[in-house]
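Here is the structure we will look at.
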Amino acid sequence: MRYLPLTNDDRQAMLAKVGASTIDDLFVDVPEIARLNGTIPDLPMHASEMAVERHLSKLAARNLTAGDGPFFLGCGAYKHHVPASVDHIIQRGEFLTAYTPYQPEIAQGTLQMLFEFQTQVARLFGTEVANASMYDGSTACWEAVVMAGRVTRRKRAILSSGLHPHYVSVANTMAKFTGDTLVTGTPALTAEPDTDALIEQIDDDTSCLVVQYPDILGRIGDMTKLAEAAHAKKALLIAVVTEPVALGAIKSPGEMGADIVVGEGQSLGVGLQFGGPYVGLFGCSQKLVRQMPGRLAGETVDAEGKRGYVLTLSTREQHIRREKATSNICTNSGLCALAFSIHMTLLGEAGLRRMAALSHAMACRTADALTNIPGVELVNDHFFNEFTVKLPGEARPVVRALADKGILAGVSLGRLYPAEGALANGLVVAASEMTTQEDITALAQGLKEVLA
Amino acid sequence: MRYLPLTNDDRQAMLAKVGASTIDDLFVDVPEIARLNGTIPDLPMHASEMAVERHLSKLAARNLTAGDGPFFLGCGAYKHHVPASVDHIIQRGEFLTAYTPYQPEIAQGTLQMLFEFQTQVARLFGTEVANASMYDGSTACWEAVVMAGRVTRRKRAILSSGLHPHYVSVANTMAKFTGDTLVTGTPALTAEPDTDALIEQIDDDTSCLVVQYPDILGRIGDMTKLAEAAHAKKALLIAVVTEPVALGAIKSPGEMGADIVVGEGQSLGVGLQFGGPYVGLFGCSQKLVRQMPGRLAGETVDAEGKRGYVLTLSTREQHIRREKATSNICTNSGLCALAFSIHMTLLGEAGLRRMAALSHAMACRTADALTNIPGVELVNDHFFNEFTVKLPGEARPVVRALADKGILAGVSLGRLYPAEGALANGLVVAASEMTTQEDITALAQGLKEVLA
Amino acid sequence: LEESLIFEIGSNDVTGVDFPEGDVVGSRLGDLSRTSPIGLPGLTEPETVRHYTRLSRQNYAIDLGLFPLGSCTMKHNPRLNERVARLPGFADIHPLQPVDSVQGALGLIHELADWLVKLTGMNSVAMSPKAGAHGELCGILAIRAALEARGDARQVVLVPESAHGTNPATAAFAGYKVEAIPATKEGRVDLEKIRERLGPDVASVMITNPNTCGLFERDMKAISDAVHEAGAFVYCDGANFNAIVGRVRPGDLGVDAMHINLHKTFSTPHGGGGPGSGPVVFSEALTPFAPLPFVEKRDDGFHLVEEETADEHHAHSFGRMVAFHGQMGMFTRALSYIMSHGADGLRQVAEDAVLNANYILRSLDDVLHAPFGKGPCMHEALFGDAGIAEGLSTLDIAKALIDEGFHPMTMYFPLVVHGAMLIEPTETESRADLDQFIGAVRSVVERAKAGDERLKGAPYYAPRRRLDETQAARKPVLVWNEPEPAAAAE
Amino acid sequence: LEESLIFEIGSNDVTGVDFPEGDVVGSRLGDLSRTSPIGLPGLTEPETVRHYTRLSRQNYAIDLGLFPLGSCTMKHNPRLNERVARLPGFADIHPLQPVDSVQGALGLIHELADWLVKLTGMNSVAMSPKAGAHGELCGILAIRAALEARGDARQVVLVPESAHGTNPATAAFAGYKVEAIPATKEGRVDLEKIRERLGPDVASVMITNPNTCGLFERDMKAISDAVHEAGAFVYCDGANFNAIVGRVRPGDLGVDAMHINLHKTFSTPHGGGGPGSGPVVFSEALTPFAPLPFVEKRDDGFHLVEEETADEHHAHSFGRMVAFHGQMGMFTRALSYIMSHGADGLRQVAEDAVLNANYILRSLDDVLHAPFGKGPCMHEALFGDAGIAEGLSTLDIAKALIDEGFHPMTMYFPLVVHGAMLIEPTETESRADLDQFIGAVRSVVERAKAGDERLKGAPYYAPRRRLDETQAARKPVLVWNEPEPAAAAE
């Protein structure tokens with residue numbers, strides 16, 4: 001029992017100290033009916049580190065990894081190169097095994113890092129402030145809708161058809177219980193998002209407009225008009241960014257008038273990890289800050305006047321407000337926020353812009369290679385690192401066939417919208433600075449073969 | 001240039017401060033003939049982390065690793081399971097990027113660790129003291145011979161035929177220059193080492209007897225008689241341990257009268273690493289301590305009387321004694337010593353004994369499986385985790401053929417003693433706690449096929 | 001040396017990441033290219049490593065010492081877990097890959113799910129919730145979905161006074177009215193009061209067991225029976241499951257839904273505030289309402305049941321809670337921990353956690369008031385501030401502990417005890433470490449009883465003295481701003 | 001809290017490693033089974049991680065701040081290097097595997113060798129030496145082998161006064177008589193004195209270039225020519241190669257052998273005292289005498305030339321220096337660093353290292369005496385103790401720097417300057433860090449000149465005050481022993 005420091009001698013001596021003759025005496029409050037006298041049946045006994053490692057390595061080997069071959073998946077999770085120093089730092093015990101910084105005198109490391117993270121996120125998003133992170137992009141998105149409801153005291157939210165369908169799905173689930181009304185739609189395979197239709201739906205009961213940027217098909221829509229239209233009706237514009245690297249190349253939602261910007265931060269520092277843990281980003285304007293969910297690190301001074309940081313505005317939170325809290329959330333995604341922040345610090349503005357430029361350039365090359373294949377049609381006029389193509393037939397089986405060849409070709413819209421026949425031929429393809437010309441050639445070649 | 005913090009602006013400002021107009025002004029002392037005006041030809045320019053990682057990963061993928069399949073190599077380097085926490089700790093920047101602890105006030109971490117390491121090694125070896133580590137086992141072995149020469153003022157050393165041939169080779173190289181006389185031999189494929197022959201060679205000029213335990217063929221010889229015989233002639237007995245795990249199962253050389261015990265510590269904490277870096281272990285009796293090579297951590301007190309540790313007896317070392325130093329060595333193998341010490345601390349006596357018992361048990365099973373194959377003959381009567389078998393023909397091609405099947409079967413004596421035809425059929429096979437029954441079955445099956 | 005902010009030491013044109021060089025041609029960004037500066041300073045790698053290494057050293061952590069935070073369960077995080085979570089086969093796969101290409105990952109989720117179901121004696125488990133509070137929400141939503149499925153629109157959830165704040169917050173978020181259940185003077189929920197309150201308007205009773213006073217709810221089975229009889233469901237806050245794992249199965253006590261904080265019971269790292277992971281186990285009655293997606297084992301391998309296939313297999317699911325499949329990285333760590341301990345080791349975990357807590361209770365109850373300290377406690381020991389000198393408080397004791405080299409205990413929680421101090425050592429503390437901690441607490445408490453005013457200034461030896469939280473909240477500074485020229489010139 | 005020794009907190013029956021259970025049958029150990037206790041205490045994993053984490057925090061390290069150790073070259077250690085060195089394809093292969101199964105590893109060694117040869121402008125390289133001093137030995141042995149091969153038994157090696165202690169130690173170890181070469185008053189070796197001393201008894205001249213005063217040996221080429229004319233060989237101590245890499249090739253200066261400390265020039269971690277790695281480059285004249293084993297590229301792949309094949313290809317090799325192939329783990333790291341920088345980046349490394357040193361020289365030469373400070377220095381700045389108040393010393397300044405948050409500079413070396421302080425910032429320090437360091441030195445030096453007696457007690461704020469080295473040496477306590485009962489009772 002390599003993790004249990006008590007020896008049998010310790011146990012005996014300690015039982016004596018507490019006045020118990022056996023350990024069972026300490027479990028007397030458990031009703032007889034629930035007492036287990038031996039170990040739970042059908043479960044294995046303890047195992048050596050060697051055995052556990054071997055077992056898990058075998059499971060791991062049964063997965064085709066993004067590094068094993070050409071890789072073009074996106075749709076809310078992106079593969080970028082994470083410098084080795086990021087993982088080195090987050091493994092320091094002082095970060096990895098620290099608690100939530102409720103005792104600021106001995107948690108300045110975490111607190112200062114969060115303060116830096118908040119500033120980075122706010123600047124990237126073009127918002128005045130940002131919080132210390134959320135679970136992930138999809139939950140951050142829903143929390144933004146709820147927040148807009150609190151701010152506007154309205155319960156009707158309009159979700160753009162370009163919003164990630166999983167995000168829509170999460171919002172739908174929650175709205176069922178909160179009684180919010182959601183207006184949703186399915187995207188059309190057109191070159192530009194349908195901004196005008198969205199604007200038409202805004203009415204006096206609308207709390208917010210939720211728009212993904214770039215959207216699920218990779219399209220980049222100007223949000224300025226949306227912001228104006230929303231504000232004209234005293235509704236908020238919520239922008240959702242699933243690929244923060246894009247903001248190294250295109251305007252920030254804040255610049256275009258978004259009131260709340262949320263996003264998924266996984267692209268930087270965190271890695272794919274089969275979907276989690278990820279890190280939700282959340283920024284908004286200063287005047288909305290007291291309605292913001294989640295933890296916040298703030299600057300202050302200590303008893304000697306030295307600058308320091310604390311968790312602040314916690315009167316919004318559940319441990320103080322209980323049922324009146326802004327959210328039931330009690331955790332941020334601290335270690336992922338740290339990874340995000342370190343990666344961003346390493347990149348700096350120059351590095352982020354270069355990374356974005358390369359990702360975009362590789363996506364352009366990929367698009368060119370694919371549209372050279374007869375029957376393959378590019379949907380987007382504009383895109384960042386991700387675009388949609390229309391195949392001559394259903395995309396799902398094509399993706400599976402390519403996976404069998406070791407090529408992870410993209411995300412079929414059939415996977416994301418199983419009920420929508422009109423989208424079945426759509427394939428969303430993403431590239432990054434890690435994409436190579438060989439990857440692109442292999443993808444184009446493979447696709448050609450499968451379609452033939 | 002991700003590792004270079006100076007910006008071009010910094011460089012200009014700093015050049016101004018030092019009164020130089022260009023960087024070339026600071027290299028004026030270089031004679032014209034040696035000044036390079038551009039970059040060195042035929043060398044690539046800087047590369048991204050991504051590119052370097054990709055290149056080195058490709059090289060790495062061209063090697064068959066010990067974890068890829070059944071593995072039975074030993075002969076001075078052993079594969080044992082190293083707990084994940086060992087590597088975690090040695091990667092802490094405070095250990096990884098610290099300097100030699102010449103400033104003890106800010107190096108107590110390294111110094112206390114070395115003091116603990118020395119104690120662990122001394123106890124394992126059964127010696128009174130030990131040093132803070134050497135480069136590796138082979139150099140530690142030669143340093144022991146030199147030390148014995150200093151102690152006895154004699155220049156004739158007898159090296160047992162069971163000593164690792166690379167260790168003999170290193171000693172031969174050095175002796176050529178120092179003028180020491182070495183008596184060496186080649187082992188015979190017999191069940192026991194030839195202790196009597198060794199004893200006969202001791203004379204009044206002999207500085208030391210050097211005996212490996214267990215020896216290169218895996219045989220375990222009692223050293224008590226050797227110690228008595230050496231001491232009778234006022235010579236020292238030097239024991240060499242290439243597999244420290246063995247001392248969890250068999251008597252320590254110190255118990256049997258060895259004056260100096262040296263060894264290779266790679267088995268614990270360090271890993272295979274294609275031969276290095278490894279960690280040389282060096283223990284001896286208290287009375288010889290001032291003749292001992294290498295660094296030593298010692299206990300003392302600070303100005304407030306608190307217990308602390310310093311590097312000590314440095315008057316033996318080159319930075320003080322210059323040409324009169326006990327050795328020219330200026331480095332230990334600090335980080336490997338740390339890994340060894342952490343692994344040993346995790347094991348403790350109980351764990352080490354269990355690890356040794358399992359390694360021995362798997363070796364016994366392997367021996368049984370191999371000797372079931374017609375024509376394969378076990379040389380040893382006794383062994384720890386390593387034994388020698390005689391194959392019906394040359395072992396080298398057999399090892400190569402098995403490697404092509406993904407089985408790393410052992411070390412052929414033909415590889416170690418290319419000139420000795422009598423040993424060509426010998427194969428040294430090692431097992432450990434990591435060896436599985438499937439590995440053994442695969443080896444036996446593979447060997448049967450290759451021999452058929 | 002004080003550590004500056006990256007905004008003070010970095011600059012926008014410095015980078016610690018090299019990229020392939022060469023021109024980047026073509027742009028299909030449309031007319032939305034970013035032109036204005038973003039304001040993201042970069043540091044080279046040496047500066048970055050040093051900045052964060054120095055920052056880290058201002059933190060306390062489990063790797064440095066005991067973390068006696070009652071109800072937070074700070075235990076050792078095994079390094080094997082970190083190693084296996086980084087295997088490319090788990091860390092480098094995309095959530096939307098074809099399921100054939102991720103059979104190992106789905107297998108791992110299925111294997112962990114199987115452990116959780118068996119350890120709790122329940123019927124099924126939802127793996128996707130991202131943290132404990134998210135798991136609570138998942139449980140309450142399943143209860144609501146089950147009630148709605150039978151057309152039963154109940155509006156009230158009963159929550160004990162001693163509950164974690166997340167309980168009422170969750171129930172309110174899910175649209176319920178929250179009513180408090182009073183505690184008995186023994187520190188447990190009052191069975192009779194629950195029985196009295198139960199009725200057709202009560203949807204659920206949320207119980208924490210072991211509760212936040214560190215006590216096992218003796219009447220749990222009776223409560224469950226009463227709740228079920230009234231047509232409601234029992235939600236159990238499983239934050240303290242670590243105290244009973246392997247010894248008690250919540251399923252045997254009639255629980256309908258319970259979340260499990262993987263970091264509390266199964267050692268995933270706390271990471272300075274997350275990421276967490278909060279799988280929820282369900283009784284048979286709630287199983288049909290569990291959320292999507294989930295992993296199902298069929299003859300031809302593991303399948304992922306998502307929206308598309310839900311109709312067929314899981315028509316009553318209340319829906320999706322997160323974009324993908326949950327906290328895979330935490331699953332890997334938790335399974336590694338669970339396999340390492342096995343059924344026998346996990347039982348020992350509970351026993352040692354409880355033994356350590358009782359050892360602390362009995363080693364301190366002569367100097368500190370233990371309001372519910374007659375019988376044994378479970379995994380944590382609860383004390384009040386009775387006997388502390390006028391003018392000094394629990395807070396002062398806590399801050400003084402920092403100077404003794406320890407993290408403070410949980411303070412002022414649960415709310416049912418005045419000046420509460422809740423101490424949870426966990427099973428991964430040695431007896432020697434406990435003794436050292438007990439000694440430190442005794443010494444501080446004795447000073448507090450003697451009225452040592454110096455305690456009010458503690459900590460003295462931490463990276464910072466007490467911080468002004470009021471100022472932080474009154475005029476929040478949440479991001480760094482370039483100092484104004486005037487201020488800079490001061 | 002003071003950190004105890006493992007022997008004080010562990011016990012022989014505790015273990016932090018679990019092994020498969022079950023009986024172990026059979027023994028073929030003969031009659032040498034270990035029966036007596038060994039005395040190796042174990043700790044569980046939580047205790048182990050905490051023990052070493054706490055210990056580590058008593059260390060200063062590059063990750064925490066500038067390490068101004070002249071002649072030791074403490075630079076940033078990139079984390080990419082650590083990652084690639086841990087690839088199983090490098091870390092988990094056995095040195096005696098069939099060469100066909102380790103082609104990638106041999107390829108890596110060959111690739112690094114090629115870089116080293118080209119960067120130094122030499123003819124070949126021996127990769128196996130385990131550290132710098134081991135490399136020196138390798139070079140001197142090759143020289144001796146070359147001389148012996150021509151039947152020329154010379155007995156003397158000339159070494160400058162300012163040389164590292166390893167130089168004379170190495171020459172003596174290889175059987176040579178060592179004679180000192182005096183320095184000019186400029187801090188360089190005296191060419192004329194060398195010319196005078198050269199003769200048929202001189203085997204080699206060992207020169208450090210740039211030298212330990214931080215100066216480039218302007219007359220290097222002239223020295224080499226004179227040495228060669230006298231039938232001897234030039235050994236260059238390459239410890240300071242980092243100052244000139246990419247800008248100067250030692251081969252162009254007539255060097256015959258030079259070791260390279262991979263950690264100094266190529267950033268492998270110092271690790272608190274090793275492991276090092278000291279490849280040695282050779283001129284054409286010495287190449288035939290280089291040690292075994294080495295890697296050779298042939299048409300069918302990479303071969304390892306060991307004893308067996310040496311006759312054919314390398315008959316004059318002086319033999320084997322180590323059991324296997326050298327410090328593979330360091331090769332991987334060094335190649336990773338070299339490729340990251342490339343030919344252009346390495347040149348920049350030298351330039352920035354030199355610029356940083358000159359910046360320090362010029363920022364401090366008004367308060368500190370710079371004996372050779374007229375012209376530019378190379379990678380390190382040398383100061384003496386002239387002007388320091390009576391009763392205070394270089395040591396006091398160094399220890400006071402600890403209280404300012406920095407590691408002291410190299411003290412009392414080189415021997416040619418009184419109270420020497422040798423400062424080497426390296427290229428991986430930012431200007432801001434240099435300025436902070438310069439400020440700290442200035443403040444301490446000003447106090448030292450003013451005769452501030454408090455300096456004698458420094459450091460005050462380190463984990464320990466000054467330690468009693470005399471007591472440690474007089475009665476060495478090198479291992480922990482159970483305290484005697486009497487002492488324990490005190």
Side-chain angles (χ1 to χ4, degrees), chain A residues 5 10 14 18 26 29 34 39 43 45-46 56 59-60 62-65 73 89 93-94 97-98 100 105-106 108-110 119 123 129 135 138 166 169 173 250 274-277 298-300 302-303 308 312 318-319 322-323 325 328 330-331 333-335 346 348-349 351 357 361 382 403 418, chain C residues 12 15-17 24 30 32 39-40 42 52 55-56 58-63 84 87-89 92 94-95 98 101 104 130-131 133 165 168-170 172 178 216 252 271-276 308 319-320 323-324 327-328 342-343 345 358-359 362 376 430-431 462 464-465 472 477-480:
Chain A
D10 288 333
M14 291 165 74
V18 306
L26 301 180
D29 291 327
T39 54
L43 291 174
M45 297 297 119
H46 68 276
L56 292 176
L59 282 179
R62 294 185 58 206
N63 302 316
L64 179 63
T65 78
L73 273 74
I89 295 166
E94 290 91 333
T97 75
T100 308
E105 299 86 354
I106 46 175
Q108 286 296 304
T110 296
T119 309
R123 290 181 173 195
V129 294
Y135 300 144
S138 66
H166 285 180
S169 200
T173 300
I250 56 176
F274 202 48
E299 186 183 314
T300 186
D302 79 354
T312 190
Q318 25 63 37
H319 58 274
R322 299 179 76 86
E323 66 266 29
N328 82 323
C330 177
T331 318
S333 193
L335 207 65
L346 280 165
E349 182 149 343
H382 304 122
Chain C
N12 292 359
T15 181
V17 184
V24 172
L32 290 173
L40 293 167
Y52 289 101
L55 278 188
S56 77
Q58 300 182 24
N59 278 357
Y60 191 87
I62 261 288
D63 281 4
V84 294
L87 290 169
D92 193 29
H94 191 285
S101 71
K130 290 271 184 184
T170 297
V178 176
F216 194 90
D252 295 339
E308 60 181 298
R320 176 183 284 272
F324 304 116
Q327 309 286 62
M328 182 68 182
N358 278 283
Y359 185 70
R362 294 305 162 216
S430 71
R431 191 177 161 204
R464 282 288 178 281
R465 302 289 301 277
V477 178
L478 306 177
V479 296
W480 187 80

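Numbers restart at 1 for each chain; the letters A, B, ... are given by sequence-line order, proteins then strands. Values below: every heavy atom of this structure, side chains too, minus hydrogens, waters and symmetry copies.
Remark: the backbone N or O of A:E94 is paired with a side-chain donor or acceptor of C:N59 at under 3.5 angstrom. When atom types are taken as modelled, the side chain of A:E105 and the backbone of C:R464 share no donor-acceptor pair closer than 3.5 angstrom. Of the possible polar contacts, none joining the C:D252 side chain to the A:A34 backbone as a donor-acceptor pair under 3.5 Å is found. When atom types are taken as modelled, the side chain of A:T97 and the backbone of C:D63 share a donor-acceptor pair closer than 3.5 angstrom. For A:R123 (side chain) and C:G39 (main-chain N/O), a donor-acceptor pair under 3.5 Å exists by modelled atom type.
Between atom OH of residue C:Y60 and atom CD1 of residue A:I106 there is a gap of 7.0 Å, rounded to the nearest 0.5 Å. In this structure, the separation between CG on A:L26 and OH on C:Y359 is 14.0 Å, given to the nearest 0.5 Å.
Considering only heavy atoms from C-beta on, C:L87 stays 4.5 Å or farther from A:L59 through its side chain.
Residue with the most contacts toward chain A among C:A131, C:S101, C:G276: C:S101 (heavy-atom pairs, distance under 4.5 Å). Among A:A303, A:G348, A:A60, the residue with the largest count of heavy-atom pairs under 4.5 Å with chain C is A:A60. For the set A:T39, A:L64, A:I250, the entry with the most heavy-atom pairs within less than 4.5 Å of chain C is A:I250. For the options C:A323, C:P88, C:G345, heavy-atom pairs under 4.5 Å to chain A are most numerous at C:A323. Ranked by heavy-atom pairs under 4.5 Å with chain A, the first of C:S56, C:P376, C:G319 is C:S56. Ranked by non-hydrogen atom pairs under 4.5 Å with chain A, the options C:Q58, C:M328, C:K130, C:R320 are led by C:R320. For the set C:G42, C:G30, C:G273, the entry with the most heavy-atom pairs within less than 4.5 Å of chain A is C:G273. Highest contact tally toward chain C, considering only A:G275, A:G93, A:P277, is held by A:P277 [criterion: heavy-atom pairs under 4.5 Å].
Legend: residues meeting side chain to side chain donor-acceptor pair (under 3.5 Å) with C:N358, ordered by chain and number and at least two apart, are absent.
In terms of heavy-atom proximity, A:I89 sits nearest to C:Y52 at CG2-CB, 3.5 Å. Nearest heavy-atom pair, C:A133 versus A:Y135, reported as atom, atom and distance to 0.1 Å: CB-OH, 4.0 Å. Nearest heavy-atom pair across A:D302 and C:R465 is OD2-N, 2.9 Å.
Residue contact with chain C, scored on non-hydrogen atoms closer than 4.5 Å, involves the backbone and the side chain of A:L56 alike. For A:A403, the part lying near chain C is the side chain, with the backbone staying farther off; criterion is any non-hydrogen pair under 4.5 Å.
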